[in-house]
Amino acid sequence: MNAELFPVEETLKPAPWTAQQFEAKLRAKESGYHIHHPFNLRLNRGELQPFQVRGWVANRFYYQVCIPIKDAAILSNCPDRETRRHWVERVLDHDGRGDHEGANAGGIEAWVRLGEAVGLTRDALWSQQHVVPGVRFAVQSYVNFARQALWQEAAISSLTEMFAPKIHADRLSLWPTLYPWVEPEGLTYFRSRIPLATRDVEHGLAIAHQWCRTRERQQRALEILQFKLDVLWTMLDAIERAYPDDLPNEARP
């Protein structure tokens, strides 16, 4: 048989999935989203004590602070002007605009207000005194990935936003009843992120579809999305371990 007529590498290379198949595989990763983590399930059942809610809020604040740093890293690696014009909105969404009041508050400031609503001080949040090593390590691994990866790969890692509206909607509907001691205005972050996440997913999927034209890249995208899911899951592992039900009073935030 003439090898030039039947090149092995071509005959063995799988065809890319269709756009619909690829997106379905991305969305199927929802089964590993931290909405299913035991700690989050307890949170949504109203089983956590106030100090555990405060510990979760304080540690997630570290993630919120690092998100615009991650997005700035993607911008710094991206040569495409139109993509940068879209992506910079994510930085502003978290860092805020102008006076940081009302719609200008931004996600970080909104999370500070959530912290105050659960009984943390602004200084306690910004000092990061409650951030546990496992959370710090997981978040920094994500930021470092965004700095070093191709900008398209780093953008794809943000597609966990596909699953975020459900987790935010759950908190909006459940917390007022389960945690009535939390000031209602502290829930603004969850409310604001639902439309923003929907917008960001549309842009992120467009990047994924444009870049993942081969099966190899599609598989890589699934691996990247799994990495980001692992980051979020690992954060909750660390938080759950740091705040057991019987944590001594003097160690509670």
Side-chain angles (χ1 to χ4, degrees), residues 27-67 107-108 110-122 124-125 127-142 159-194 197 225-253:
R27 291 187 180 276
K29 288 287 186 180
E30 190 274 344
S31 62
Y33 192 49
H34 64 150
I35 196 172
H36 305 295
H37 191 284
F39 190 87
N40 188 72
L41 294 177
R42 291 191 65 202
L43 180 67
N44 278 0
R45 290 196 296 259
E47 297 174 359
L48 298 187
Q49 300 174 61
F51 80 88
Q52 292 169 312
V53 177
R54 287 193 288 270
W56 175 77
V57 170
N59 277 273
R60 283 283 303 191
F61 181 68
Y62 183 68
Y63 176 76
Q64 300 302 324
V65 168
C66 290
I67 287 298
I108 292 174
W111 198 273
V112 169
R113 294 172 187 176
L114 172 62
E116 293 174 328
V118 302
L120 293 163
T121 67
R122 184 176 291 264
L125 288 166
S127 70
Q128 301 174 9
Q129 66 191 63
H130 298 301
V131 178
V132 299
V135 168
R136 195 179 299 274
F137 183 83
V139 173
Q140 283 303 315
S141 71
Y142 181 41
L159 281 175
T160 49
E161 289 276 22
M162 290 188 295
F163 319 126
K166 174 66 166 61
I167 206 169
H168 297 322
D170 284 349
R171 291 164 187 160
L172 286 168
S173 65
L174 297 173
W175 279 37
T177 300
L178 299 176
Y179 303 106
W181 52 272
V182 178
E183 294 294 330
E185 57 267 25
L187 304 182
T188 298
Y189 175 86
F190 306 133
R191 189 173 296 107
S192 67
R193 284 307 304 171
I194 293 175
L225 188 55
Q226 185 61 55
F227 160 71
K228 174 62 181 306
L229 291 167
D230 290 346
V231 166
L232 296 172
W233 196 274
T234 299
M235 288 172 60
L236 280 188
D237 280 346
I239 294 169
E240 182 179 50
R241 184 178 181 86
Y243 302 106
D245 293 343
D246 59 353
L247 188 70
N249 288 334
E250 61 271 18
R252 298 180 176 187

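Small disclaimer: the values here were computed from a predicted structure and weren't measured.
Within the 3.5 Å criterion, the main-chain N or O of G186 finds no donor-acceptor partner in the side chain of E116. N44 contributes no side-chain N or O that, together with a main-chain N or O of L174, makes up a donor-acceptor pair within less than 3.5 Å. The main-chain N or O of V57 is found under 3.5 Å from a side-chain atom of W111 such that the two form a donor-acceptor pair.
Note on residues 163-181: pairs passing salt bridge (Lys or Arg N to Asp or Glu O under 4.0 Å), not counting sequence neighbours, are K166-D170.
By the side-chain contact (heavy atoms from CB on, under 4.5 Å) test, Q129 is found to be paired with A124, S127, residues two or more places apart in sequence or in another chain being considered.
By the neighbour-count criterion of 12 heavy atoms within 6.0 Å, atom CZ of R241 is sparsely surrounded, having that number or fewer from other residues, nucleotides or ligands.
Contact between A58 and V131 at its shortest, heavy atoms only, is O-CG2, 4.1 Å. The minimum heavy-atom distance linking L43 with V53 is given by the pair CD1-CG2, 4.2 Å. Summarising the geometry of R54 relative to P253, their closest heavy-atom pair is NE-O, 2.9 Å, with the distance given to 0.1 Å. Contact record, F190 with H168: O-CB, 3.6 Å, taken as the closest heavy-atom pair.
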Item to check | Criterion side chain to side chain contact (heavy atoms under 4.5 Å, CB included) on H37 and L232, from CA distance to verdict | outcome: CA-CA 10 Å; H37 191 284; L232 296 172; over 6 Å; no
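Using a 4.5 Å cut-off on side-chain heavy atoms (C-beta onward), I167 and Y33 make contact.
Atom NE2 of H130 and atom CZ of R252 lie 13.5 Å apart (nearest 0.5 Å).
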